[in-house]
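To start, the structure under review is shown below, and the notes come after it.
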Amino acid sequence: QVQLVESGGGLVQAGGSLRLSCAASGRTFNNYAMGWFHQAPGKEREFVAAINWSGLSKKYADSVKGRFTISRDNAKNTVYLQMNNLKPEDTAVYYCAARAYYSDSWEPSAMGFWGKGTLVTVSS
């Protein structure tokens, strides 16, 4: 089992920045690829960004490329999502998730462990 706890969400104006953190506990953190997903009200959960165990491979949704950066610190068992130039359409609950492998496909159904999420609200 891997337990994941997200933090760092909040209310920010359009154009602003937030950094989300996801602290992991349980099994060895650096055995897992990590992903961030978001879910807006009334919509399905969607992929945002992913990173492999070493941090050398990363993938982003087209909607966040150039604005968001995923990173990880294996010594701290933490993965981050730096979000810059936020837009109102980024408003959602952001979830951290883990699985044992990295690939080009990041469907929510393929993730093994989930956090409870943190709310990001971007005002216009």
Side-chain angles (χ1 to χ4, degrees):
Q1 288 288 335
V2 176
Q3 293 78 43
L4 303 172
V5 179
E6 302 93 337
S7 61
L11 174 64
V12 64
Q13 289 188 332
S17 298
L18 283 175
R19 188 176 82 154
L20 305 183
S21 299
C22 172
S25 60
R27 293 189 176 181
T28 306
F29 176 67
N30 60 7
N31 285 347
Y32 291 88
M34 303 297 297
W36 285 98
F37 295 76
H38 69 196
Q39 187 167 16
K43 295 188 176 182
E44 294 188 352
R45 196 168 297 188
E46 298 179 334
F47 168 74
V48 174
I51 189 168
N52 77 330
W53 70 273
S54 68
L56 295 180
S57 294
K58 302 177 184 181
K59 184 177 177 68
Y60 297 95
D62 289 343
S63 60
V64 306
K65 283 181 181 177
R67 300 190 298 122
F68 291 10
T69 302
I70 189 171
S71 62
R72 66 190 294 162
D73 185 338
N74 287 341
K76 296 183 178 180
N77 289 355
T78 301
V79 62
Y80 305 97
L81 186 68
Q82 177 67 43
M83 306 187 295
N84 297 330
N85 189 22
L86 281 159
K87 303 176 181 180
E89 52 263 43
D90 295 319
T91 294
V93 177
Y94 282 72
Y95 298 90
C96 172
R99 72 183 190 196
Y101 63 95
Y102 181 87
S103 75
D104 285 338
S105 177
W106 291 91
E107 293 297 324
S109 59
M111 304 306 291
F113 304 96
W114 290 91
K116 293 184 177 181
T118 185
L119 177 63
V120 172
T121 304
V122 184
S123 64
S124 58

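Because only heavy atoms are used, hydrogens play no part in the values below, and waters and symmetry mates are left out as well, while side chains stay in. None of the values given here were measured: they were computed from a predicted structure.
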Inset, instruction - Return the minimal non-hydrogen interatomic distance between A49 and L81, and the atom names on each side. - result: CB-CD1, 4.1 Å
Inset, instruction - Cation-pi check, R99 to F113: give yes when NZ or CZ is under 6.0 Å from the six-membered ring centre and within 45° of the ring axis, no otherwise. - result: no
Legend entry - Side-chain touch V48/E46, heavy atoms, less than 4.5 angstrom: no
Inset, instruction - Please examine the side chains of Y80 and R19, heavy atoms only from C-beta on, and report whether any two atoms are closer than 4.5 Å. - result: yes
Legend entry - Check: R45 and W114 side chains under 4.5 Å, non-hydrogen atoms: yes
Legend entry - Any donor-acceptor N/O pair, K59 side chain to I51 backbone, under 3.5 Å: no
Inset, instruction - Would you mind reporting whether M83 and L20 have side-chain heavy atoms less than 4.5 Å apart? - result: yes
Legend entry - S103 side-chain N/O to S105 backbone N/O, donor-acceptor pair under 3.5 Å: yes
Legend entry - Validation row, ring centre W36 to ring centre F68 under 6.0 Å: no
Legend entry - Side chain to side chain, D90 and R67, heavy atoms closer than 4.5 Å: yes
Legend entry - R72 NZ/CZ over W53 ring centroid, <6.0 Å and within 45° of normal: no
Inset, instruction - Please say which of L4, V2, T78, N77 ends up in a side-chain contact (heavy atoms from CB on, under 4.5 Å) with F29. - result: N77
Inset, instruction - Look at the side chain of T118 and the backbone N and O of G9, then say whether any donor-acceptor pair between them is shorter than 3.5 Å. - result: yes
Legend entry - Distance-only donor-acceptor check, side chains T28 and N30, under 3.5 Å: no
Legend entry - Heavy-atom check, side chain of F37 versus side chain of M111, under 4.5 Å: yes
